[in-house]
Amino acid sequence: MTGLRLERLRADHAEALLAFERENRAYFTRSISDRGDAYFADFAEIHRARLAEQDAGICHFHVVLDASGTLIGRMNLIDVEDGCAELGYRVAEKAAGRGVATAAVALLCRTAGTSYGLTALKAVTTLDNPASRTVLERNGFTVVEETVVAGRPGIRFHRDLTSAHHRP
Ligand SMILES: CC(C)(COP(=O)(O)OP(=O)(O)OC[C@H]1O[C@@H](n2cnc3c(N)ncnc32)[C@H](O)[C@@H]1OP(=O)(O)O)[C@@H](O)C(=O)NCCC(=O)NCCS
């Protein structure tokens, strides 16, 4: 999909983000844990807390916008420590299978190195999520080891952001 862009999370993304999470809740829970009712009930407070974490440099949150400016995904880097962070993402059902996650992860890997000074990323996915595994492998993530993700068998991945091969 062309015309994709990432925006660093802001207070004024709240309304579109809540709509995105509501609209795709059932879709997401087919492959990842549900956020729970409290997430939706307390969304405004949680959004403010996320922005505070971001201001503290612990996390870097992003929304993915299509060419018309519609919010179709999120791409997050959490638990920043020693130049490394954990990547997490989700893409709207209506935008699925068009390369959005693959392209947005590529954008975020560049941003992670150039804007946030990170040198490596890690990610996990469950074995029963081949779409996510495809997205990671197409972006140069390599398998580290098998693990358990939310009680299900999974895989831990790593990507070096400093190697010449992956430099933008
Ligand atoms: C995983 C997710 C982010 C993928 O988003 P997306 O924008 O549809 O992904 P892309 O289109 O970039 O690429 C997915 C690739 O996996 C492939 N794929 C999808 N289902 C697959 C399957 N069952 N087996 C093998 N490959 C599969 C797609 O065909 C596509 O490859 P293609 O371009 O050759 O067709 C999205 O499905 C999602 O948000 N899921 C719920 C949340 C989630 O699982 N997040 C990741 C947690 S680790």
Side-chain angles (χ1 to χ4, degrees), residues 1-9 13-14 16-40 43 46-47 50 53-54 58-81 84-112 118 120-161 166 168:
M1 188 183 274
T2 54
L4 280 188
R5 64 182 201 276
L6 296 181
E7 282 184 357
R8 189 170 167 85
L9 190 68
H13 288 132
L17 197 54
L18 177 57
F20 163 86
E21 291 286 356
R22 278 196 177 128
E23 203 173 303
N24 293 287
R25 184 175 180 180
Y27 172 63
F28 292 150
T29 53
R30 278 188 245 147
S31 38
I32 54 174
S33 304
D34 183 40
R35 293 194 185 275
D37 291 342
Y39 175 83
F40 295 91
F43 185 84
I46 290 169
H47 192 64
R50 294 279 187 276
E53 279 182 277
Q54 180 165 261
I58 302 164
C59 306
H60 303 290
F61 301 112
H62 309 81
V63 294
V64 183
L65 305 177
D66 68 12
S68 70
T70 303
L71 196 162
I72 54 167
R74 31 193 334 185
M75 293 277 141
N76 297 328
L77 298 172
I78 64 164
D79 297 339
V80 175
E81 197 177 357
C84 186
E86 180 159 335
L87 169 67
Y89 44 81
R90 44 184 69 198
V91 167
E93 183 171 20
K94 66 183 180 198
R98 291 189 224 155
V100 170
T102 302
V105 168
L107 287 173
L108 186 55
C109 286
R110 281 198 282 279
T111 303
L118 299 179
L121 296 181
K122 49 191 179 178
V124 292
T125 185
T126 50
L127 289 182
D128 58 4
N129 196 344
S132 183
R133 183 173 181 161
T134 301
V135 168
L136 292 171
E137 290 181 339
R138 282 185 180 161
N139 277 290
F141 282 77
T142 54
V143 174
V144 177
E145 60 183 1
E146 292 192 0
T147 186
V148 175
V149 184
R152 285 143 68 185
I155 312 172
R156 190 180 303 283
F157 290 85
H158 178 269
R159 180 175 156 173
D160 177 9
L161 295 173
H166 294 307

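Counting begins at 1 with the first residue of the sequence. Whatever order the structure lists them in is the order used to number ligands and atoms, beginning at 1.
- Among all protein heavy atoms, the one lying closest to atom 39 (O) of ligand 1 is Val91 N, 2.7 Å.
- Within the 4.0 Å heavy-atom criterion, the part of Ser31 lying near ligand 1 is the side chain and not the backbone.
- Atom numbering of ligand 1 starts at 1 in the shown order; those under 4.0 Å from a heavy atom of Arg98 are 11 (O).
- Between Tyr39 and Phe43, the ring planes lie perpendicular to each other; the angle is over 60°, past the 30° to 60° tilted range.
- The two residues Ala85 and Leu77 come nearest to each other via the heavy atoms CB-CB, 4.0 Å.
- Other residues, nucleotides and ligands contribute over 12 non-hydrogen atoms within 6.0 Å of the CD atom of Glu145.
- By the 3.5 Å distance cut-off applied to N or O atoms, Ser132 is not counted among the residues near ligand 1.
- Annotation for ligand 1: atoms under 4.0 Å from non-hydrogen atoms of Gly97 are 6 (P), 8 (O), 11 (O).
- The protein heavy-atom contact nearest to atom 44 (O) of ligand 1 is Asn129 ND2, 2.7 Å.
- Taking the side chain as every heavy atom from C-beta outward, His60 and Arg8 approach each other to under 4.5 Å.
- Considering only heavy atoms from C-beta on, Phe28 stays 4.5 Å or farther from Arg35 through its side chain.
- Residue Val100 touches ligand 1 through backbone and side chain together, judged by heavy-atom distances below 4.0 Å.
- Considering every non-hydrogen atom in both Cys109 and Phe141, the closest pair reads SG-CE1, 4.1 Å.
- Taking the side chain as every heavy atom from C-beta outward, Leu136 and Leu87 approach each other to under 4.5 Å.
- Between the choices Tyr27, Phe157, Phe28, Tyr89, the shortest heavy-atom distance to atom 36 (C) of ligand 1 belongs to Tyr27.
- Looking from atom 11 (O) of ligand 1 to the surrounding protein, the closest heavy atom is Gly99 N, 2.8 Å.
- With contacts defined as side-chain heavy-atom distances shorter than 4.5 Å, the pair Cys59/Arg50 does not qualify.
- At least one side-chain heavy atom of Leu9 sits less than 4.5 Å from a side-chain heavy atom of Leu17.
- Comparing Leu87, Val124, Val64, Val105 by heavy-atom distance to atom 48 (S) of ligand 1, the nearest is Val124.
- Of the protein's non-hydrogen atoms, Arg138 NH1, 3.0 Å is the one closest to atom 33 (O) of ligand 1.
- The shortest heavy-atom distance from Arg133 to ligand 1 is not under 4.0 Å.
- Polar contact with ligand 1: absent for Ala95 (N/O pair, distance under 3.5 Å).
- Among all protein heavy atoms, the one lying closest to atom 20 (N) of ligand 1 is Ala131 CB, 3.7 Å.
- Salt bridge Arg30/Asp128: absent, no basic N to carboxylate O contact under 4.0 Å.
- Looking at ligand 1, you won't find any N or O of Ile32 less than 3.5 Å from one of its N or O atoms.
- Of all heavy-atom pairs spanning Leu6 and Ala104, the tightest one is CD1-O, 4.0 Å.
- Of the options Ala96, Gly154, Pro130, the smallest heavy-atom separation from atom 25 (C) of ligand 1 is shown by Pro130.
- Looking from atom 15 (C) of ligand 1 to the surrounding protein, the closest heavy atom is Thr134 CG2, 3.8 Å.
- Scanning all protein heavy atoms for the shortest distance to atom 4 (C) of ligand 1 gives Ala101 CB, 3.8 Å.
- Residues Leu107 and Arg5 form no side-chain contact, since every pair of their non-hydrogen atoms from C-beta on lies 4.5 Å or further apart.
- Of the heavy atoms in Thr102, both backbone and side-chain atoms come closer than 4.0 Å to ligand 1.
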